Amino acid sequence: MTGDLLNFDPARYLRIQSGAVGLAEQIDAVVADALGSGVTKVVFAGAGGAGILMQPAADLLRDRSTLRTEVVLPAELVVTDPAWLGRDTLVVIPSLSGTTAESIAALDHVKAAGARVLVLTGHEDTPLGTKADVSLVNFAEDDTSCESFYVQSLLLALSIMARTGALEEHAAVVAELERLPELLLDAKVAFEERAHELAGAIAADSWHIVTGSGNTWPEAFYYGMCILEEMQWIRTRPVHASDFFHGTLELVEPGVSVLLLKGEDASRPLVDRVERFVAGLTDKVLVLDAAEVELPGISQTTRALLSPAVLAALLERVSAHLEVLRDHPLTTRRYYRRMAY
């Protein structure tokens with residue numbers, strides 16, 4: 001690895017991402033205990049960005065596991081009080097800060113219903129960290145949390161699949177993931193020049209359509225809502241590639257910016273279809289493709305699972321340049337955690 005990265009500490013990044021991968025045994029132990037105690041449902045209940053980052057793992061379980069899997073918003077879970085919530089439910093609550101108000105309320109609610117709670121957080125001595133049945137802690141901050149949460153939730157899904165007979169090569173996949181922190185850092189270095197160019201293209205427009213499919217859709221949604229909107233105050237229209245032709249296509253015209261996130265799973269043709277369509281209608285088509293990233297030692301099957309983390313690693317570099325180009329720090333907020341709402 002060579003090269004300098006803008007406003008970035010490589011040692012810190014490796015420490016955080018290695019910490020996420022290093023939770024594999026603890027996550028597997030949690031899963032073994034939960035399944036052994038009669039858990040038949042897994043519910044991911046995260047607020048905001050942390051909740052979005054759980055979606056690829058939830059979808060993987062939905063498609064390849066016999067366990068019922070749900071993704072719910074914490075605030076909605078509390079007010080709707082679903083009938084399926086009970087002692088046979090493992091509720092996974094991600095929260096980087098460990099202090100998210102909606103998540104704390106959801107934790108109290110699901111525990112009162114008899115469910116067991118696993119919290120994934122960056123801080124141990126917090127309301128969520130202390131109230132959970134199990135709290136797994138891996139320190140991270142906003143610029144490193146995406147990959148960390150993607151990896152942790154993937155490890156959880158893989159463990160469940162292995163222990164329910166849906167995955168035979170569990171140990172081999174986990175061994176591949178141990179290489180990921182260094183590989184993602186190499187990918188960032190290789191992408192740095194293009195990250196600056198992409199940031200310039202994003203900074204040049206006041207709004208963007210952002211799309212993806214399969215396990216890249218959550219990253220498209222996350223980047224539009226949590227980074228461009230919350231952290232940069234840039235308007236976006238995140239839309240799943242499957243739904244692009246049921247409304248959003250009418251917004252495409254010359255000069256409209258479209259950002260496409262491509263992964264390596266079976267849904268990739270859905271984004272290809274969008275790309276073919278918009279290429280003839282606007283000159284502002286920005287494509288970020290996980291398949292272009294070198295990941296030596298990672299099998300194609302595992303690569304397909306890692307597209308969200310790979311794209312998150314690259315987009316962090318875009319964000320680093322974007323805040324400098326726009327003179328708008330990613331930490332600037334007007335309302336979030338600054339007002340009562």
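All values below come from the heavy atoms of this structure, side chains included, with hydrogens, waters and symmetry mates left out. Only a predicted model underlies this, so the values are computations on that prediction, with no experimental measurement involved.
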Measure centre to centre between the rings of Tyr13 and Phe8, then say whether the value is under 6.0 Å. yes
Judged by atom type as modelled, is there a donor-acceptor pair below 3.5 Å linking the side chain of Thr69 to the main-chain atoms of Val42? no
Between Glu141 and Ser145, is any side-chain donor less than 3.5 angstrom from a side-chain acceptor? no
Taking the side chain as everything from C-beta on, heavy atoms only, tell me whether Leu120 gets closer than 4.5 Å to Ile93. no
Arg268 versus Ser213, side-chain donor and acceptor atoms under 3.5 Å: no
Could you tell me if the side chain of Met225 sits less than 4.5 Å from the side chain of Ile52, heavy atoms only? yes
Test Val324 against Leu6 for side-chain contact (heavy atoms from CB on, under 4.5 Å), laying out the working first. CA-CA 9 Å; Val324 173; Leu6 176 68; 4.0 Å; yes
Before giving the answer on side-chain contact (heavy atoms from CB on, under 4.5 Å), spell out for Leu77 and His109 the whole-Å C-alpha distance, their side-chain angles and the decisive distance to 0.1 Å. CA-CA 8 Å; Leu77 184 152; His109 185 83; 3.6 Å; yes
Is a donor on one side and an acceptor on the other found under 3.5 Å between the side chain of Ser159 and the backbone of Leu156? no
Should Val92 and Val43 be marked as a side-chain contact (heavy atoms from CB on, under 4.5 Å) after you check the CA-CA gap, both sets of side-chain angles, and the distance that decides it? CA-CA 6 Å; Val92 182; Val43 176; over 6 Å; no
Could you report the tightest heavy-atom contact between Leu311 and Ala290, atom names first, then the distance? CD2-N, 3.8 Å
Please table the atom pairs, donor to acceptor, closer than 3.5 Å between any side-chain atom in residues 29-38 and protein atoms at least two apart or in another chain.
{"from": "Asp33", "atom 1": "OD2", "to": "Arg116", "atom 2": "NH1", "distance (Å)": "2.8"}
{"from": "Ser37", "atom 1": "OG", "to": "Asp33", "atom 2": "O", "distance (Å)": "2.8"}
{"from": "Ser37", "atom 1": "OG", "to": "Arg116", "atom 2": "NH2", "distance (Å)": "3.2"}

The remaining residues in the hydrophobic cluster of Val285, counting side-chain heavy-atom contacts under 4.5 Å among Ile, Leu, Val, Met, Phe, Trp and Tyr, are Trp207, Ile209, Val239, Phe244, Phe245, Leu249, Leu251, Val252, Val256, Val258, Leu260, Val271, Val274, Phe277, Val278, Leu281, Val287
Over 12 non-hydrogen atoms of neighbours within 6.0 angstrom of OH in Tyr341: yes
Whether over 12 other heavy atoms sit under 6.0 Å from Arg12 CZ: yes
Is a side-chain N or O of Ser307 found less than 3.5 angstrom from the main chain of Glu264, in a donor-acceptor match? yes
For Arg179 and Pro296 the tightest heavy-atom approach is NH2-O, 2.8 Å
Has the side chain of Glu147 got a donor or acceptor atom that lies under 3.5 Å from a matching backbone atom of Val310? no
If you measure from OG1 on Thr211 to CG on Leu270, what distance do you get to the nearest 0.5 Å? 9.0 Å
Minimum heavy-atom distance between Ala11 and Asp9, given as atom pair plus value: N-OD1, 3.1 Å
Judged by modelled atom types alone, do Gln17 and Ser148 share a side-chain donor-acceptor pair under 3.5 Å? no
Starting at CG of Leu158, measure out to CZ of Arg64 and round the result to the nearest 0.5 Å. 8.0 Å
Can you tell me if Thr100 uses its side chain to pair, donor with acceptor, with the backbone of Ser103 under 3.5 Å? no
Does a side-chain heavy-atom distance below 4.5 Å link Leu60 with Met161? yes
Would you indicate whether Phe221, at its atom CZ, is surrounded by more than 12 heavy atoms from other residues, nucleotides or ligands within a distance under 6.0 Å? no
Point-to-point distance, once rounded to the nearest 0.5 Å, from NE2 of His321 to CZ of Arg317: 5.5 Å
Check step by step if side chain to side chain donor-acceptor pair (under 3.5 Å) holds for Glu176 and Ser299. CA-CA 8 Å; Glu176 287 184 89; Ser299 66; 3.2 Å; yes
Side chain to side chain, Leu136 and Val119, heavy atoms closer than 4.5 Å: no
Does the Asn215 side chain pair with the main chain of Ala304, one donor and one acceptor, at a distance under 3.5 Å? yes
Remaining members of the apolar cluster that contains Ile16, side-chain heavy atoms under 4.5 Å: Phe139
Is Thr99 close to Leu128 at the side-chain level, that is, under 4.5 Å between some pair of heavy atoms? no
Ignoring hydrogens and geometry beyond distance, is a side-chain donor-acceptor pair present between Tyr150 and Glu219 at under 3.5 Å? yes
Using every non-hydrogen atom in the two residues, find where Thr282 and Glu253 come nearest and quote the distance to one decimal. CB-O, 3.4 Å
Give the C-alpha distance, both sets of side-chain angles, the deciding distance and a yes or no for side-chain contact (heavy atoms from CB on, under 4.5 Å) between Leu67 and Leu61. CA-CA 7 Å; Leu67 265 69; Leu61 286 173; 6.0 Å; no
Determine yes or no for a side-chain-to-main-chain donor-acceptor pair under 3.5 angstrom, with Lys188 supplying the side chain and Ala313 the backbone. yes
Glu178 side chain to Val21 main-chain N or O, any donor-acceptor pair under 3.5 Å? no
Distance check, rounded to the nearest 0.5 Å: Leu155 atom CG versus Gln26 atom CD? 11.0 Å
May I ask you to test the Thr89-Val110 pair for a side-chain heavy-atom distance under 4.5 Å? no
Closest approach of Ser153 and Leu53, non-hydrogen atoms and distance? OG-O, 3.9 Å
Under the 4.5 Å side-chain heavy-atom rule for ILVMFWY, direct or indirect, which residues accompany Val78? none
Applying ring-ring contact (aromatic ring centres under 6.0 Å, His included) to His240 and not counting sequence neighbours gives Trp217
Is Leu167 reachable from Leu177 through a run of I, L, V, M, F, W or Y residues, each pair having side-chain heavy atoms under 4.5 Å apart? yes
Side chains of Ser257 and Asp205: any donor to acceptor distance under 3.5 Å? no
Check: Lys262 and Leu288 side chains under 4.5 Å, non-hydrogen atoms: no
Is a salt bridge present between Glu229 and Arg235, judged by a nitrogen-to-oxygen distance below 4.0 Å? no
Just wondering, do Leu315 and Ile227 contact through their side chains at under 4.5 Å, heavy atoms? no
Counting only heavy atoms not in Gln300 (residues, nucleotides, ligands), do more than 12 fall under 6.0 Å from its CD? yes
Can we say Glu70 and Arg68 salt-bridge, meaning some charged N sits less than 4.0 Å from an Asp/Glu carboxylate O? yes
Could you check Pro218, Cys146, Pro56 and say which one makes a side chain to side chain contact (heavy atoms under 4.5 Å, CB included) with Pro308? Pro56
Gap between atom CD1 of Ile298 and atom CZ of Arg303 - 0.5 Å precision: 8.5 Å
Test of understanding: with ring-ring contact (aromatic ring centres under 6.0 Å, His included), list the residues that count as partners of His170, not counting sequence neighbours. none
Between Tyr223 and Ser319, is the side chain to side chain donor-acceptor pair (under 3.5 Å) condition met? List the steps. CA-CA 9 Å; Tyr223 197 72; Ser319 302; 2.9 Å; yes
If you take all heavy atoms of Ala58 and Phe44, which pair is closest and at what distance? CB-CD1, 3.7 Å
Between CD on residue Glu316 and CG on residue Leu5, distance to nearest 0.5 Å: 8.0 Å
Can Arg326 be said to sit on top of Trp233's aromatic six-ring, NZ or CZ under 6.0 Å from centre and within 45° of the ring axis? no
